[in-house]
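The structure displayed is predicted, hence computed values, not measured ones. Only heavy atoms go into these numbers, but all of them, side chains included; no hydrogens, no water, no symmetry mates.
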2 protein chains.
Amino acid sequence: MPWDLTSDRPIYAQIIEQMELKICSGVYPLGSKLPSVRDLAREASVNPNTMQRALSKLEESGLLYSVRTSGRYVTEDVNMIKETKKRIAREHIEEFLKRMSDLGFDQQDILSMLNDMSKELKK
Amino acid sequence: MPWDLTSDRPIYAQIIEQMELKICSGVYPLGSKLPSVRDLAREASVNPNTMQRALSKLEESGLLYSVRTSGRYVTEDVNMIKETKKRIAREHIEEFLKRMSDLGFDQQDILSMLNDMSKELKK
DNA sequence: ATTAATGTATTAACCACTTAATACAATAAT
DNA sequence: ATTATTGTATTAAGTGGTTAATACATTAAT
């Protein structure tokens with residue numbers, strides 16, 4: 001999965017979300033070592049400061065930890081990752097349902113549209 | 001529906017989305033007159049310039065039009081509103097499905113979680 | 001021992017968004 | 001006729017995010 005960054009939101013916030021995704025989905029496994037700040041920045045075509053900022057925030061939340069001159073690692077806490085995944089899923093679903101209901105669709109509508117579109121996308 | 005603005009995205013962009021919503025869901029009916037820029041700005045606790053900026057963009061897209069010193073009105077083009085509603089719904093569904101699948105959930109998972117949560121929210 | 005790579009910090013510049021304070025022309029309301 | 005309200009425009013200031021260019025201390029690699 002390439003870095004997918006747009007200009008309509010702070011880049012560091014998008015990086016946080018995508019790193020969480022990479023961690024929850026196993027792209028960066030439990031306890032594994034991450035590429036260096038500079039490498040990640042190059043990979044994402046972003047300034048090292050911006051990458052550093054995102055990674056620091058991820059440390060605050062406990063998903064990563066850094067060892068002074070060795071590098072940065074994914075937490076070994078399986079449970080924290082599971083909880084993060086649940087939290088993200090819940091947030092997405094809540095937001096989705098709110099937006100669709102604001103638009104004037106009921107549960108029936110939502111489910112049928114969703115079925116239609118996932119069939120479409122599978123092709 | 002109160003104005004729901006957060007600081008993590010340009011306010012004018014959020015206003016555009018919420019105005020589209022108000023138009024598509026009938027809060028501002030076809031051809032109806034909107035409150036003045038200044039009133040809308042006050043209502044949303046936002047600077048008149050910011051509201052003006054959002055409304056101008058909505059004119060560019062054709063959803064609104066302004067009459068020099070009389071005020072601003074919703075388009076009378078029913079079809080344009082219908083198409084806008086469809087477009088927004090499609091965008092939300094696509095984004096939702098992508099995010100959930102990136103997280104590692106398949107269609108089965110998504111549907112069951114969605115059912116659970118809409119039951120929860122109905123209480 | 002020297003070198004290279006690590007995370008981290010600092011300073012300056014740039015840009016987009018937002019607010020504030022006005023101002024203007026056109027017209028509806030009085 | 002006068003006044004108030006409309007959309008619109010301008011200028012200045014402040015803020016936060018981003019980039020750029022360095023620098024530093026620590027330690028793994030050589």
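- Put simply, CG on A:Leu55 is 13 Å from P on C:dA9, counting in whole angstrom units.
- Residues passing the side chain to side chain contact (heavy atoms under 4.5 Å, CB included) test with A:Asp106, sequence neighbours excluded: A:Gln108, A:Asp109.
- Set against D:dT19, C:dC17, C:dT19, the side chain of B:Asn49 has C:dT19 as its closest nucleotide.
- In this structure, A:Asp8 atom CG and D:dG17 atom P are separated by 15 Å, rounded to whole Å.
- Summarising the geometry, the separation between CG on B:Asn47 and C1' on D:dA13 is reported as 12 Å, rounded to the nearest angstrom.
- If you take CD1 of B:Ile15 and P of C:dC17, they are 13 Å apart, rounded to a whole angstrom.
- At whole-Å resolution of the value, CE in B:Met51 and P in C:dC17 are 16 Å apart.
- In this model, a donor atom of one side chain and an acceptor atom of the other lie less than 3.5 Å apart for B:Glu43 and B:Trp3.
- For the pair B:Arg53 CZ and D:dG7 P, the computed distance is 18 Å after rounding to whole Å.
- Within the structure, side chain to side chain donor-acceptor pair (under 3.5 Å) pairs that include any residue of residues 26-35 of chain B do not occur (at least two apart or interchain).
- Every residue two or more places apart in sequence or in another chain that forms a side chain to side chain contact (heavy atoms under 4.5 Å, CB included) with A:Arg90 is listed here: A:Arg87, A:Glu94, B:Met117.
- The OH atom of B:Tyr65 sits 19 Å away from the C1' atom of D:dT8 (whole-angstrom rounding).
- For B:Asn79, the side chain to side chain contact (heavy atoms under 4.5 Å, CB included) partners two or more places apart in sequence, or in a different chain, are B:Asp77, B:Glu83.
- Scanning for ring pair (Phe, Tyr, Trp, His ring centres under 6.0 Å) contacts around A:Phe105 gives an empty result, with sequence neighbours left out.
- Rounded to whole angstrom, the span from the CG atom of A:Leu64 across to the P atom of C:dT8 amounts to 11 Å.
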- Reading nucleotides 1-7 of chain C 5' to 3', which nucleotides get B (base under 4.0 Å from a protein heavy atom), which S (sugar-phosphate only), which -? -----BB

